[in-house]
There are 4 protein chains.
Amino acid sequence: MPRISEQRRAAQRQRILDAAMASFEKAGPDGASMQDIIAESGMSAGAIYRYFDSKEAIIEAVATERHEHEKALLADAMTVGFPDGLRQFMNAYFDWVADPAEAQRRRVAVHIWARAQHDERLRQIVTEGLAPLKDVASVLADAPLPAGVDPDMFARVLLAVIQGFLLQRSWEPDLDPQKYRDTVNSLLHLLNRS
Amino acid sequence: MPRISEQRRAAQRQRILDAAMASFEKAGPDGASMQDIIAESGMSAGAIYRYFDSKEAIIEAVATERHEHEKALLADAMTVGFPDGLRQFMNAYFDWVADPAEAQRRRVAVHIWARAQHDERLRQIVTEGLAPLKDVASVLADAPLPAGVDPDMFARVLLAVIQGFLLQRSWEPDLDPQKYRDTVNSLLHLLNRS
Amino acid sequence: MPRISEQRRAAQRQRILDAAMASFEKAGPDGASMQDIIAESGMSAGAIYRYFDSKEAIIEAVATERHEHEKALLADAMTVGFPDGLRQFMNAYFDWVADPAEAQRRRVAVHIWARAQHDERLRQIVTEGLAPLKDVASVLADAPLPAGVDPDMFARVLLAVIQGFLLQRSWEPDLDPQKYRDTVNSLLHLLNRS
Amino acid sequence: MPRISEQRRAAQRQRILDAAMASFEKAGPDGASMQDIIAESGMSAGAIYRYFDSKEAIIEAVATERHEHEKALLADAMTVGFPDGLRQFMNAYFDWVADPAEAQRRRVAVHIWARAQHDERLRQIVTEGLAPLKDVASVLADAPLPAGVDPDMFARVLLAVIQGFLLQRSWEPDLDPQKYRDTVNSLLHLLNRS
DNA sequence: TATGAATGAGCGTTCATTCAT
DNA sequence: TATGAATGAACGCTCATTCAT
């Protein structure tokens, strides 16, 4: 009975997602055609549609994959308190932002962000990916923050610091992540002294 | 010998760009068809192609318009020194980020950002729009910054703080700009005490 | 201004419908592809979609055209009473069934009939095309019909006599319409004597 | 050396034909996909192709089945002479037309009729199904028919009366078969008096 | 024998762009 | 100058059929 194993099924799915990532990186989800994904994956049109209902479903799976990756990344950063958990949170992100192997994912992320503005399903996936913010905020709530600093908003500032850098580096690949990271860390040290 | 006045030509151009912005806001530049822009502008297909060579040219013009707007916005914020110029720089941006009339432009900006990753012309327009960073950095270079804080990178952090918020609010329109702004300002106050 | 005249628009529409009829005759609406209609019409894909929203819309237009033709055909047959109006009704149909120029339309009609079973819009078009039955029935209602003969059902019998022959001749083109018609007329004469 | 018994083979074949009938009834042979038939039968794609060479072969088998059914139906109606054999012929048909259990077969029949116009094999099956006409005609040939009534053509009229009603009822399921039948029988009684 | 994953040609339709009027 | 009808390549997707297991 040729019913394929769960393992093979997962591998084929991943093959498609990898091909989609590669295609999306080059031209964005709209610029990449199904033919591109088909060629990149080495599979046939029909085969791909056994794993995903539509191109849209592939885009959503790519978005989901990215956020699962992100959540796993941050899961254990949140196990320690302020200010060490905070530092780990930022470091986990910065490691991702600096990792050459993740360049593709970062570039595709920007397309997902743009698309999430119109696509309700994608918007949900993206905002659910913002969940770690809650954890960061609850850690910050117990910390001696300067007056006027809201824990929720501070968490968003930290995320923005990452997102903005990811964006800037997507246009200027030569931007040095280490220098940026050092500056951010130096700024965060001001908190300890307050 | 221009058959139509320069003034009329500019007005027609603007009409197309406004229609494009409206169309792009709804579905992004890829999701919006030339037919959408044609319908929204009330002009004919042929007429539009007298003002712009291609859809791509319209997208570039939209991107350029946005960055000219941005530059004008920041031009006079840079006339005073640290820390007042810095505050004005941030306030100018925050006013834009909070202005309901600018919602359309902000949403389209995210698409431009994504597209700039692949489109060289767009990338140049976007990175040229980053010019104010240089001015901010040169102001910061003369300021008594904490140890380890690079002026160029600090300027990027400030930009990131805006960009990230713009992004987050594009997915969660209810996010309160005032609360975010207050937290950012409170954090920046730490600099004065250092 | 190249906005085409109403006349040209109607001509183009007809060109598409004629091409569709020719294509449908050869292979039925499902067997004929849009490419067939495009080739047959000598128009481009895009042009056709300016006149019809979809292939389905073309099929509906073909069905509508056929029934408008039919209604016009029967309109004046109904101006006289029994038994002359009845004879004219049948003759009008028989002339159509025997007319070589109408062979295409007859063959396509059978496909429309089949399709009308599932397609609600088509079903409405087809059943509205049955309207003449009401007129025939009302003429028959005033006639001295034999006992047990319901005017509505008799009208349906008459229609069935046509439909069935159309069907039989679609499989056996050599069937002689004249012989069939003579036999039907002879049978109808029995009514006069009753 | 058949690995499976002839009996099982026939049962499997029937299972496929039943699934095909059910699928064709819903959407016609073109609207129904092999996947539909596969799902409806509970068999696998590969299994079905061991019993039928192609979808076309299934359609032909469905058509053949229908006409075998029809022939069996009429076989013994033809054992008696005019006018009783005639009445039995019509009654056998009318029973089929009124039988709710045969609704599926009737609806599919219309599709077969349409398709038989282009498909030579189907046309042969359908015209061979018209064989009873010959028997009816030969019975009628010995009967005292009114002047101008050709036995062959009269047989066709009788068939048309059935076919047309089947068609009309496929669009208007509420049509009362009994009323139609009564009217037809009343009309046929005129023959006795002539 | 039976399975269902895989194939890839072909489907209906859309789109940015052109050009006769 | 302006119009919008026309183009035709390319799109996302489905399908009957095959064949490795």
Side-chain angles (χ1 to χ4, degrees), chain A residues 1-5 8-9 12 30-39 41-58, chain B residues 2-4 8-9 12 29-39 43-58, chain C residues 1-5 8-9 12 30-39 41-58, chain D residues 2-4 8-9 12 29-39 42-59:
Chain A
M1 69 190 85
R3 175 171 258 148
I4 59 174
S5 67
R8 173 154 167 76
R9 184 165 179 83
Q12 291 283 73
D30 287 297
S33 70
M34 283 303 291
Q35 276 312 318
D36 292 335
I37 299 177
I38 287 161
S41 68
M43 297 169 73
S44 68
I48 286 181
Y49 281 88
R50 286 190 72 78
Y51 294 91
F52 295 97
D53 283 348
S54 62
K55 189 187 181 187
E56 196 58 37
I58 295 179
Chain B
R3 300 289 181 84
I4 57 169
R8 172 153 169 77
R9 184 164 180 84
Q12 291 285 72
D30 287 297
S33 69
M34 283 301 289
Q35 275 312 316
D36 292 335
I37 299 177
I38 289 162
M43 296 169 73
S44 70
I48 285 180
Y49 278 86
R50 292 191 78 76
Y51 294 91
F52 294 97
D53 282 349
S54 63
K55 189 186 182 185
E56 197 56 38
I58 296 179
Chain C
M1 71 190 86
R3 174 172 257 147
I4 58 175
S5 68
R8 173 154 166 75
R9 184 165 179 83
Q12 291 283 72
D30 287 297
S33 70
M34 283 304 290
Q35 277 312 318
D36 292 335
I37 299 177
I38 288 161
S41 68
M43 297 169 73
S44 68
I48 286 180
Y49 280 88
R50 287 191 71 79
Y51 294 90
F52 294 97
D53 283 348
S54 62
K55 188 186 181 186
E56 196 58 36
I58 295 179
Chain D
R3 300 288 180 84
I4 57 169
R8 171 152 170 76
R9 184 163 180 84
Q12 291 285 73
D30 287 296
S33 70
M34 284 301 290
Q35 275 312 317
D36 291 336
I37 299 176
I38 288 162
M43 297 170 72
S44 70
I48 285 180
Y49 277 86
R50 292 192 78 76
Y51 294 90
F52 293 97
D53 283 348
S54 63
K55 188 185 182 185
E56 198 55 37
I58 296 179
I59 297 172

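Just so it is clear, the values below take in all heavy atoms, side chains as well, and ignore hydrogens, waters and symmetry mates.
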Would you kindly give the [atom1]-to-[atom2] distance between [X] and [N], to the nearest whole Å?
X     : N      : atom1 : atom2 : answer
B:I38 : E:dC15 : CD1   : C1'   : 10 Å
C:D30 : F:dT14 : CG    : C1'   : 14 Å
A:E56 : F:dC13 : CD    : C1'   : 14 Å
A:F52 : F:dG12 : CZ    : C1'   : 16 Å
D:I48 : E:dT1  : CD1   : C1'   : 15 Å
D:D53 : F:dT17 : CG    : P     : 9 Å
B:M43 : F:dA2  : CE    : P     : 7 Å
B:I58 : E:dA16 : CD1   : C1'   : 10 Å

Validation row: C:I38, C:M43 side chains within 4.5 angstrom (heavy atoms): no
Closest approach of [X] and [Y], non-hydrogen atoms and distance?
X     : Y     : answer
D:I59 : D:P29 : CD1-CB, 3.7 Å
C:S41 : C:I48 : OG-CD1, 3.8 Å
D:Y49 : D:K55 : OH-N, 4.5 Å
A:D36 : A:A32 : OD2-CA, 3.5 Å

Options E:dA2, F:dA6, F:dC13, nucleotide nearest the side-chain atoms of D:R8: E:dA2
At a cut-off of 3.5 Å, list every protein nitrogen or oxygen paired with a nitrogen or oxygen from nucleotides 8-11 of chain F, distance to 0.1 Å.
unit_1, atom_1, unit_2, atom_2, d
F:dG8, O6, C:G46, N, 3.2

Base-pairing string, 5' to 3', of DNA chain E - Watson-Crick or wobble, under 3.5 Å, | interstrand: .||||||||||||||||||||
Given DNA chain E, 5'-ward residue of the pair D:R50 and A:Q12, judged by closest heavy atom: D:R50
Closest-nucleotide ordering on DNA chain E, the 5'-leading residue of B:Y49 and A:R9: A:R9
A:I37 CD1 to A:F52 CZ distance, which is reported to the nearest 0.5 Å: 9.5 Å
Sugar-phosphate only, base, or nothing, as touched by C:Y51 at under 4.0 Å among non-hydrogen atoms: sugar-phosphate
For C:R9, all residues meeting side-chain contact (heavy atoms from CB on, under 4.5 Å), sequence neighbours excluded: C:I4, C:E6, C:Y51
